[in-house]
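Reviewing the structure listed below.
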Amino acid sequence: GMWTVRTYVDSAHIAVAGQMGQRGDLLAGTVIRQMLDSLGRAYATTVTPPPGASPKVAQAFQPGRGIGSSNLAMPAQPVRPGQSWVDSTVIPMPGGSGTFRGRTTYRLERVEHEGGDRVAVISSKMSVVARVPVGSASGRGVVTGRYRVDLDAGRLLRATTDMTMRIKTDGGLGSERAHSVIELLH
């Protein structure tokens with residue numbers, strides 16, 4: 001079936017190489033609501049920025065942007081520690097300007113016990129290709145992830161992702177790096 005996940009951004013830090021950081025936390029108070037299937041794939045995402053924030057804040061959280069998303073798809077069949085599963089995704093970019101394609105290999109590293117709960121430790125590696133026909137822009141990269149999932153409560157405890165992209169545009173070559181941590185606060 002379908003279920004809804006609501007993520008509230010408690011705090012965030014954004015640093016762009018070579019630029020001064022913004023004063024204050026521009027993302028604090030942002031609410032992300034996602035409709036997910038039983039395997040964790042998002043079918044709809046709604047972003048509500050905090051009062052007074054720029055509407056561009058919401059754009060940073062849209063699918064394919066990597067911020068505020070765990071990017072975790074669960075396996076269709078049961079798996080044991082050491083086993084892997086693959087998931088693919090194709091996300092249209094805003095305005096139909098191109099596509100973001102990813103192929104992720106997940107691996108159940110181990111199952112730990114915390115208190116009376118079983119916690120799955122999962123790793124992932126996604127190969128990413130982005131293409132924008134306008135201006136002949138393209139990008140390739142890798143997103144690695146580490147997840148802790150409470151199997152008994154059915155909830156994500158922590159997700160850490162690191163993205164590295166090489167970007168090619170008519171203006172030249174560039175790169176982008178991002179680090180994201182999502183943590184359940186009790």
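A search for side chain to side chain donor-acceptor pair (under 3.5 Å) contacts involving R107 returns E109, not counting sequence neighbours. With sequence neighbours excluded, the residues forming a side chain to side chain contact (heavy atoms under 4.5 Å, CB included) with A153 are D150, R155, listed by chain and number. Annotation: side chain to side chain donor-acceptor pair (under 3.5 Å) contacts of R110 (sequence neighbours excluded): E112. Checked against side chain to side chain contact (heavy atoms under 4.5 Å, CB included), V79 has the following partners two or more places apart in sequence or in another chain: P75, Q83, W85, L108. A search for side chain to side chain donor-acceptor pair (under 3.5 Å) contacts involving E114 returns R148, not counting sequence neighbours. In this structure R33 satisfies the salt bridge (Lys or Arg N to Asp or Glu O under 4.0 Å) test with no other residue, sequence neighbours excluded.
With a 4.5 Å cut-off on side-chain heavy atoms, R140 and M165 do not count as touching.
Without hydrogens or angle criteria, S124 side chain to G145 main chain gives a donor-acceptor distance under 3.5 Å.
In the hydrophobic clustering of this structure, L151 groups with I122; members are Ile, Leu, Val, Met, Phe, Trp, Tyr whose side-chain heavy atoms approach within less than 4.5 Å, directly or through other members. A continuous path of hydrophobic side-chain contacts links Y147 to M74 [ILVMFWY only; heavy atoms under 4.5 Å].
Rounded to the nearest 0.5 angstrom, T164 OG1 and H179 NE2 are separated by 12.0 Å. Considering CG of D117 and CG of L157, their distance stands at 8.5 Å, rounded to 0.5 Å. Note that CZ of R166 and OG of S138 are 11.0 Å apart. Values are rounded to the nearest 0.5 Å. Note that CD1 of I182 is 7.0 Å distant from OG1 of T161, once rounded to the nearest 0.5 Å.
The heavy-atom pair separating R118 from D152 by the smallest distance is N-OD2, 2.7 Å. Closest approach of Y106 to A73, counting heavy atoms only: OH-N, 3.2 Å.
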